[in-house]
Amino acid sequence: LHGLRTSHIIFYEDRNFQGRSYECMSDCPDMSSYLSRCQSCRVESGCFMVYERPNFMGNQFFMRRGEYSDYMSMMGMSSGIRSCRMIPMHRGQFRMRIYERENFGGQMTELMDDCDNIQDRYRMSDCMSSQVMDGHWLYMLVGVKSPSYYMDSGPLNRSFREMGMSGMRFMSMRRIMDMC
């Protein structure tokens with residue numbers, strides 16, 4: 001294991017890294033058996049998505065190495081973290097397709113790098129579904145401090161509406177790079 005980077009995050013019950021803590025180095029679908037609540041965390045290494053509800057549901061937020069002493073107010077979370085997913089390192093190429101309509105319909109565009117504004121860059125009137133072929137990506141609203149959405153090459157994303165992303169017409173796509 002020498003030279004292999006691991007991901008490591010520590011969750012705390014209270015703000016400012018106080019109260020009981022729980023250390024995690026992989027996915028955790030339900031933290032309620034470890035902590036009654038979670039209001040701050042410290043990412044020692046790697047990158048994680050954290051979720052407001054168990055089983056990777058609800059609003060999700062991307063966290064890279066750093067300290068989050070009171071992320072509930074920083075990110076506008078209505079409740080504490082209930083689950084987390086470790087984002088594995090990806091060293092190959094990045095590739096995804098975005099579609100104008102649900103179920104991969106309408107205009108299709110292939111991305112291999114970050115895109116700050118899909119509508120401006122590709123002149124797409126809308127972006128309703130996607131398919132990730134390579135790498136790990138974040139989808140975000142442009143110019144808004146809001147939840148981000150994690151996508152990898154797992155199941156196809158037939159509809160952003162089903163993911164609670166309806167009405168998000170101006171989105172950006174960013175690669176989750178090896179620098180986490």
- prompt: For His8, what residues pass the ring-ring contact (aromatic ring centres under 6.0 Å, His included) criterion, not counting sequence neighbours?
  reply: none
To the nearest 0.5 Å, how far apart are [atom1] in [X] and [atom2] in [Y]?
X: His136; Y: Ile87; atom1: NE2; atom2: CD1; answer: 8.0 Å
X: Met108; Y: Gln131; atom1: CE; atom2: CD; answer: 9.0 Å
X: Arg42; Y: Glu67; atom1: CZ; atom2: CD; answer: 4.0 Å
X: Arg85; Y: Cys28; atom1: CZ; atom2: SG; answer: 11.5 Å
X: Arg64; Y: Phe48; atom1: CZ; atom2: CZ; answer: 13.5 Å
X: Met63; Y: Ile9; atom1: CE; atom2: CD1; answer: 6.0 Å

task: Look at Arg121 together with Asp113 and state whether they make a salt bridge at an N to O cut-off of under 4.0 Å.
output: yes
- prompt: Taking 4.0 angstrom as the limit, do Arg174 and Asp116 come out as a salt bridge?
  reply: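 The answer is yes: the pair qualifies as a salt bridge.
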Whether the [X] and [Y] side chains hold a donor-acceptor pair (N or O, under 3.5 Å, no angle test) is what I'd like checked.
X: Glu13; Y: Ser36; value: yes
X: Asp14; Y: Gln39; value: no
X: Tyr99; Y: Thr109; value: no

Under a 4.5 Å cut-off applied to non-hydrogen side-chain atoms, are [X] and [Y] in contact?
X: Phe62; Y: Val50; value: no
X: Ser129; Y: Arg101; value: no
X: Arg175; Y: Trp137; value: yes
X: Met112; Y: Phe94; value: no

- request: Check whether any side-chain N or O of Ser7 sits under 3.5 Å from a backbone N or O of Met25 as a donor-acceptor pair, and report yes or no.
  value: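 No; judged by distance alone, with no hydrogens or angles, the pair does not exist.
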message: Using modelled atom types and a 3.5 Å cut-off, is there a donor and acceptor pairing between side-chain atoms of Asp30 and backbone atoms of Pro54?
response: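 No; judged by distance alone, with no hydrogens or angles, the pair does not exist.
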- request: Dump the intermediate steps for side-chain contact (heavy atoms from CB on, under 4.5 Å) on Met124 and Ile98, then the final yes or no.
  value: CA-CA 10 Å; Met124 292 179 78; Ile98 55 174; 3.6 Å; yes
Ignoring hydrogens, what is the shortest heavy-atom contact between [X] and [Y]? Give both atom names and the distance.
X: Met96; Y: Val132; result: CB-CA, 3.9 Å
X: Glu110; Y: Tyr122; result: O-OH, 4.3 Å
X: Ser130; Y: Phe104; result: O-CE2, 3.3 Å
X: Cys24; Y: Cys84; result: SG-SG, 3.8 Å
X: Gln60; Y: Met49; result: OE1-CE, 3.4 Å
X: Asn117; Y: Ser172; result: N-CB, 4.5 Å

query: Picking from Tyr68, Phe11, Tyr12, what satisfies ring pair (Phe, Tyr, Trp, His ring centres under 6.0 Å) with Phe17?
result: Tyr12
- request: Show your working on side-chain contact (heavy atoms from CB on, under 4.5 Å) between Asn16 and Asp70 and close with a plain yes or no.
  value: CA-CA 6 Å; Asn16 299 313; Asp70 182 7; 5.5 Å; no
Whether Tyr34 and Tyr22 hold their rings parallel, tilted or perpendicular, with breakpoints at 30° and 60°: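 Rings of Tyr34 and Tyr22: parallel, under 30°.
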field: Chi angles and distances behind the side-chain contact (heavy atoms from CB on, under 4.5 Å) call for Ser83, Arg53
entry: CA-CA 6 Å; Ser83 57; Arg53 293 181 17 220; over 6 Å; no
field: Stepwise side-chain contact (heavy atoms from CB on, under 4.5 Å) check, Ile176 with His90
entry: CA-CA 8 Å; Ile176 302 175; His90 178 77; over 6 Å; no
message: Heavy-atom count check: over 12 atoms from other residues, nucleotides or ligands less than 6.0 Å from Met133 CE?
response: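 Yes, CE of Met133 has more than 12 neighbouring heavy atoms, counting only those of other groups under 6.0 Å.
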